[in-house]
**Student:** 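Let me begin by handing over the structure; questions about it come next.
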Amino acid sequence: MKLLRQVPKILFGAGAFDSLGEAVSTLKNSGYAVYIIDAVHAKTGLVNKLPLVGNDYSLSVDTTDEPTTDGVDALRDEIKKRSDKLPAVIVGVGGGSTLDIAKAVSVVLTNPGSSRDYQGWELVKNAPIPKVGVPTLSGTGSEATRTAVLTSPGKKFGINSPYSLFDLVVLDPLLARTVPAEQQFYTGMDCYIHCVESINGSFKDKLITVYVQAGLAMCRDIFLKGGEPSDQDRENLMIASYFGGLSIANSEVGVCHALSYGLSLELKFHHGLANCIAFNQLEEYYPNEVSDFKEMLERNNIVLPKNVTQAVSAEQMESMIAMTLLMEKPLTNALGPDWKNVFPREKILQLYARM
Ligand code: NAD
Ligand code: ZN
């Protein structure tokens, strides 16, 4: 028996964003909402469409770098400075980075100390501010998971807690129309790799397998075809992203994520691209899926950076290896309880050296 955790309410479909205000109001009581929105939406115009009423306001976040614990703490301070009364709802609007920031802010508004105190498993004690997630870029599945991934000095790690789960998500594929093709490829591959790692791991069960198979089929269809995605593709990718997130939230990721976190931590590669660089070297673990991936790269005219670890210092490499070794659950899922023996530091070094 296993408990499946998932978001309780999903508002889904093209144009669903138009009902965001109504949906948020059901969580508000007589309070106010704070919208946390990716700064890119000043350019796309989405910021002007936020359904702000009464004392609601929005804060824009820069996602040039992946979210940090310092950044989350600063946002929490800003919200507390603006009013003695806590918001009733936090709404995150953007890609995985913005969704994770919104989740983490909702947690630290009601829990003492820094967000870095909660990076780990089941460390959050107090119920968070209710939260709504609105992805504008599909792939991370953050909208479905009980994780808010943050970087702090020396580590990239999630706030893994049932309190990191959204109360409501709005899945409107039209919001992803403005995403540049290359970015959509990298974040789309995050979804593909979530599905690959979940289905090849030992933590999955029958229920999860059905979601993963559906997610994988949609990813294969979109990315093996290549070219500019249609609205139908965007809708499918938003569903696949949700399924991929649901799958890893209820199983685990695997070898690729364990390596890509090191690349992001030390070399600042964004998650999707870091995953692609790592996955490209993992035929040994996921032979058929890596072969399909290489075809996806070609069909979508994507050329990955090469020799990215060539210039890293010995100290940086140590930090990357230490980061990988911290990923105990993904490595157990992928390689079994004996993973420390089959995946020693020499093997990790060898794989990083090839990237
Ligand atoms: P992102 O949120 O960092 O965004 C990437 C780029 O796309 C940014 O420049 C952003 O401004 C832009 N963008 C977003 N929506 C857009 C739109 N509609 N139009 C134009 N540009 C748009 O990228 P991501 O890949 O979605 O998220 C990566 C982050 O998600 C990483 O920090 C990773 O660790 C995290 N993640 C979290 C989970 C989880 O379960 N919580 C799972 C996987 C990844
Ligand atoms: Zn991922």
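Whatever order the structure lists them in is the order used to number ligands and atoms, beginning at 1. None of these values were measured; they are calculated from a predicted model.
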**Student:** Can you tell me the protein heavy atom closest to atom 4 (O) of ligand 1 and the distance?
**Tutor:**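 Checked against all protein heavy atoms, atom 4 (O) of ligand 1 sits closest to L137 CD2, 3.6 Å.
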**Student:** Evaluating non-hydrogen atoms only, which member of Q184, Q183, H194 is closest to atom 6 (C) of ligand 1?
**Tutor:**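 Considering heavy atoms of Q184, Q183, H194, the nearest to atom 6 (C) of ligand 1 sits in Q183.
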**Student:** Pick, from V61, L175, D100, V179, the option with the minimum heavy-atom distance to atom 36 (N) of ligand 1.
**Tutor:**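 Closest candidate by heavy-atom distance is D100.
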**Student:** Under a 4.0 Å threshold between the charged nitrogen and the carboxylate oxygen, would E78 count as salt-bridged to R82?
**Tutor:**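 Yes, R82 and E78 are salt-bridged.
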**Student:** Specify side chain, backbone, both or neither for P67, according to which of its non-hydrogen atoms lie closer than 4.0 Å to ligand 1.
**Tutor:**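 It is the side chain that gets close, since no backbone atom is under 4.0 Å.
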**Student:** For E228, is there an ion pair with R234 - N to carboxylate O distance below 4.0 angstrom?
**Tutor:**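 Counted as a salt bridge, because a side-chain N and a carboxylate O are separated by less than 4.0 Å.
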**Student:** I'd like the name of whichever of A176, S97, G94, G92 reaches closest to atom 3 (O) of ligand 1 through any heavy atom.
**Tutor:**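 The nearest heavy atom belongs to S97.
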**Student:** Given D38, V40, T145, which has its nearest heavy atom closest to atom 10 (C) of ligand 1?
**Tutor:**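 Considering heavy atoms of D38, V40, T145, the nearest to atom 10 (C) of ligand 1 sits in D38.
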**Student:** Hey, is the main chain of N111 close enough, under 3.5 Å, to the side chain of N126 for a donor-acceptor pair?
**Tutor:**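 Judged by distance alone, no pair lies under 3.5 Å.
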**Student:** Is V253 isolated, or which residues cluster with it under the ILVMFWY side-chain rule of less than 4.5 Å, directly or via members?
**Tutor:**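 V253 clusters with I248.
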**Student:** Under 3.5 Å, is there a donor-acceptor pair between the side chain of S260 and the main chain of A278?
**Tutor:**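 Judged by distance alone, no pair lies under 3.5 Å.
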**Student:** For ligand 1, indicate whether the residue R177 contacts it via side chain, backbone, both or neither (heavy-atom separation under 4.0 Å).
**Tutor:**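 No part of R177 comes within reach of ligand 1.
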**Student:** For the side chain of S25 and the backbone of E22, is there at least one donor-acceptor N/O pair under 3.5 Å apart?
**Tutor:**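 Answer holds: yes.
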**Student:** By number and element, which atoms of ligand 1 are closer than 4.0 Å to a non-hydrogen atom of H270?
**Tutor:**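 The atoms of ligand 1 under 4.0 Å from a heavy atom of H270 are 3 (O).
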**Student:** Would you check if the side chain of D38 reaches a backbone N or O of S60 as a donor-acceptor pair within less than 3.5 Å?
**Tutor:**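 It does not hold such a pair.
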**Student:** Could you check whether D18 pairs with K49 (Lys NZ or Arg NE/NH1/NH2 to Asp/Glu carboxylate O, under 4.0 Å)?
**Tutor:**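 No, D18 and K49 are not salt-bridged.
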**Student:** Which of the atoms in ligand 1, numbered in the order shown and given with their element, are less than 4.0 Å from a heavy-atom of G95?
**Tutor:**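 So the answer, numbered in order with elements, is 2 (O), 26 (O).
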**Student:** Determine, considering heavy atoms only, which of T63, I37, D190, T178 sits nearest to atom 9 (O) of ligand 1.
**Tutor:**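 Looking at heavy atoms only, T63 sits closest to atom 9 (O) of ligand 1.
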**Student:** Are the side chain of Y352 and the backbone of L259 linked by a donor-acceptor contact shorter than 3.5 Å?
**Tutor:**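 Side chain of Y352 to backbone of L259, a donor-acceptor pair under 3.5 Å: yes, one is there.
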**Student:** If you take the nearest heavy atom of each of I159, V253, T140, T187, which one is closest to atom 42 (C) of ligand 1?
**Tutor:**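 Residue with the shortest heavy-atom distance to the ligand atom: T140.
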**Student:** Numbering the atoms of ligand 1 from 1, which are under 4.0 Å from a heavy atom of E66?
**Tutor:**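 In order of number, 31 (C), 32 (O).
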**Student:** State, with a plain yes or no, whether a side-chain heavy atom of D190 is found less than 4.5 Å away from one of Y186.
**Tutor:**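 No; the side chains remain at least 4.5 Å from each other.
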**Student:** Could you pull out the N/O/S protein atoms under 2.8 Å of the Zn ion (ligand 2), ignoring any water?
**Tutor:**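 Under 2.8 Å from the Zn ion (ligand 2) - ignoring waters, which are not counted - the protein N, O or S atoms are D190 OD1, H194 NE2, H257 NE2, H271 NE2.
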**Student:** Suppose we measure from atom 15 (N) of ligand 1 to each protein heavy atom; which comes out shortest, and what is that distance?
**Tutor:**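 Minimum-distance protein heavy atom for atom 15 (N) of ligand 1 reads T136 OG1, 2.8 Å.
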**Student:** If we ignore hydrogens and angles and just use 3.5 Å, is the side chain of N300 paired with the main-chain N or O of F223 as donor and acceptor?
**Tutor:**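 Present.
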**Student:** Take every heavy atom of K156, measure it against each atom of ligand 1, and state whether any distance is under 4.0 Å.
**Tutor:**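 Contact check K156 vs ligand 1: positive.
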**Student:** Tell me whether H41 reaches ligand 1 (any heavy atom closer than 4.0 angstrom to a ligand atom).
**Tutor:**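 Contact check H41 vs ligand 1: positive.
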**Student:** Pick, from G158, G96, S138, the option with the minimum heavy-atom distance to atom 24 (P) of ligand 1.
**Tutor:**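 Heavy atom nearest to atom 24 (P) of ligand 1 belongs to G96.
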**Student:** Quick one: does S115's side chain have a donor or acceptor within less than 3.5 Å of a partner on V72's backbone?
**Tutor:**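 Here the side-chain-to-backbone pair does not exist.
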**Student:** Is the side chain of E66 donor-acceptor paired with the backbone N or O of H271 at a distance under 3.5 Å, no angle test?
**Tutor:**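 Yes, E66 side chain to H271 backbone: donor-acceptor pair under 3.5 Å.
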**Student:** Do side-chain atoms of E197 reach the backbone of C256 as a donor and acceptor pair under 3.5 angstrom?
**Tutor:**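 Answer holds: yes.
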